[in-house]
Amino acid sequence: MLSRLVLVSGHTLKNSGSFGACLVQASRSFHQSSQSLAPVPPLPEKGGKVRHGIFPEELFSLLYPKTGVTGPYMLGTGLLLYMLSKEIYVINHETFAAASIGAVVIYGIKKFGPSVATFVDKINEDKVAKAQEVKDQAMASLAQGIQDEKKEQWRVEGRHMLFDAKRNNVAMLLETNYRERLHMVTNEVKKRLDYQVELQNLHRRMEQEHMVNWVEQSVIKSITPQQEKESIAKCIADLKVLAKATQARATV
């Protein structure tokens, strides 16, 4: 009965073109709006409170101010009796099958639900731990990247000082080369001047030696043999006088 009702309702909605167009237009406007670009809120890890396993607590909270505590129960019972009395829902073999399946499902949930929930929670915790580890590693690598970027920016800021130091070094090298070449030129000029001075001294010494040799030869040539004998005799006599004077001083 329920399946038949769903099929009939679906066929009716399919034939209503205006309703489908409205749905398509609404979905398009929703996906094209700025709300679609908003961050999606995280899904809750645990569901809200329910009563009897399927009825949300919000329904009872909504009806409580006007109907009291028994209002939701009376509303549910009234709707069920209305559907049964008007044969909107007919009890048949599908109802018993659904009740049997529901009982089995409820029993399975009550029996194996906690262990399955614990197992699934453990798997979820492992996944969350792995995801957190990956996140921490990514955060650490990003933090290291930020530190490296700051260090590179600091190096870029100090690049001007480095360039100034290099310019000063180049200027000092140029000045040193200039001084060395100037010293080399000074030494070469001094060597040439010293060479000229030594050359002039050599000419002067050679001239003096030549003059002395010429005077000596001229004097030797002007001395006669008789003058030579007299000179030798005079020298011998002077030596004898000096020898006697030396002996006299030695005895005294």
Side-chain angles (χ1 to χ4, degrees), residues 34 37-42 45 121-252:
S34 60
L37 303 177
V40 179
E45 296 183 0
D121 289 339
K122 184 178 179 181
I123 295 176
N124 190 22
E125 289 177 358
D126 294 338
K127 291 182 179 179
V128 171
K130 292 180 180 179
Q132 186 65 31
E133 183 179 359
V134 173
K135 178 182 177 181
D136 294 339
Q137 292 178 357
M139 292 293 291
S141 62
L142 292 175
Q144 184 64 33
I146 292 172
Q147 294 296 329
D148 295 339
E149 181 64 23
K150 289 182 179 179
K151 186 181 293 184
E152 292 299 327
Q153 291 179 1
W154 173 74
R155 289 178 179 175
V156 170
E157 291 177 356
R159 184 176 58 184
H160 303 289
M161 300 175 62
L162 179 61
F163 286 167
D164 293 338
K166 288 185 177 180
R167 291 191 190 95
N168 293 331
N169 292 333
V170 171
M172 291 176 64
L173 289 175
L174 293 176
E175 184 67 21
T176 303
N177 292 332
Y178 170 74
R179 296 293 180 181
E180 289 178 353
R181 292 179 180 180
L182 187 62
H183 182 67
M184 182 178 65
V185 171
T186 303
N187 290 334
E188 293 296 329
V189 172
K190 185 176 181 299
K191 288 180 182 179
R192 285 170 172 75
L193 293 176
D194 292 339
Y195 173 76
Q196 295 296 329
V197 171
E198 292 294 332
L199 184 62
Q200 292 178 4
N201 292 333
L202 179 61
H203 289 167
R204 190 179 298 107
R205 187 169 59 254
M206 291 180 67
E207 289 175 356
Q208 291 177 356
E209 290 178 356
H210 179 72
M211 182 64 69
V212 170
N213 292 330
W214 180 76
V215 172
E216 183 179 358
Q217 290 177 3
S218 298
V219 172
I220 291 173
K221 288 178 181 180
S222 64
I223 296 174
T224 60
Q226 184 63 31
Q227 291 177 347
E228 185 176 357
K229 289 180 180 180
E230 291 177 355
S231 171
I232 292 172
K234 178 67 175 173
C235 290
I236 293 172
D238 293 335
L239 290 174
K240 289 180 179 180
V241 173
L242 290 173
K244 289 179 180 180
T246 304
Q247 290 178 358
R249 290 176 183 175
T251 55
V252 174

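This structure is a prediction, so every number in the text was calculated from the model and none was measured.
- The structure places CZ of R159 at 9.5 Å from CG of L162, a figure rounded to the nearest 0.5 Å.
- Distance CZ/R167 to NE2/H160: 9.5 Å, rounded to 0.5 Å.
- Atom CG of N177 is separated from atom CG of L182 by 12.5 Å, given to the nearest 0.5 angstrom.
- The line from CG of L142 to CE of M139 is 7.0 Å long, rounded to the nearest 0.5 Å.
- Applying the salt bridge (Lys or Arg N to Asp or Glu O under 4.0 Å) test to pairs two or more places apart or on separate chains, those with a residue in residues 169-181 are E175-R179.
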If you look only at distance, which donor and acceptor atoms sit under 3.5 Å apart when one is on a side chain in residues 144-157 and the other is two or more places apart or in another chain?
from, atom 1, to, atom 2, distance (Å)
Q144, NE2, D148, OD1, 3.2
E152, OE2, R155, NH1, 3.2

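- Side-chain N/O atoms of Q217 and N213 include no donor and acceptor closer than 3.5 Å.
- A side-chain donor from one of H183 and N187 sits under 3.5 Å from a side-chain acceptor of the other.
- Atom CG of L242 sits about 11.5 Å away from atom CD of Q247, to the nearest 0.5 Å.
- For R205, there are no side-chain hydrogen bond (donor to acceptor under 3.5 Å, both in side chains) partners two or more places apart in sequence or in a different chain.
- Contact check on K190 versus D194 returns a salt bridge, with a Lys/Arg side-chain nitrogen under 4.0 Å from an Asp/Glu carboxylate oxygen.
- With rounding to the nearest 0.5 Å, the separation of NE2 in H210 from CE in M206 is 10.0 Å.
- Looking at heavy atoms from C-beta onward, V185 lies out of side-chain contact with E188 at the 4.5 angstrom threshold.
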| request: Please report the C-alpha distance between N201 and R204 in whole Å, then the side-chain angles of each, then the deciding distance to 0.1 Å, and finally whether the side-chain contact (heavy atoms from CB on, under 4.5 Å) criterion is met. | output: CA-CA 5 Å; N201 292 333; R204 190 179 298 107; 3.0 Å; yes
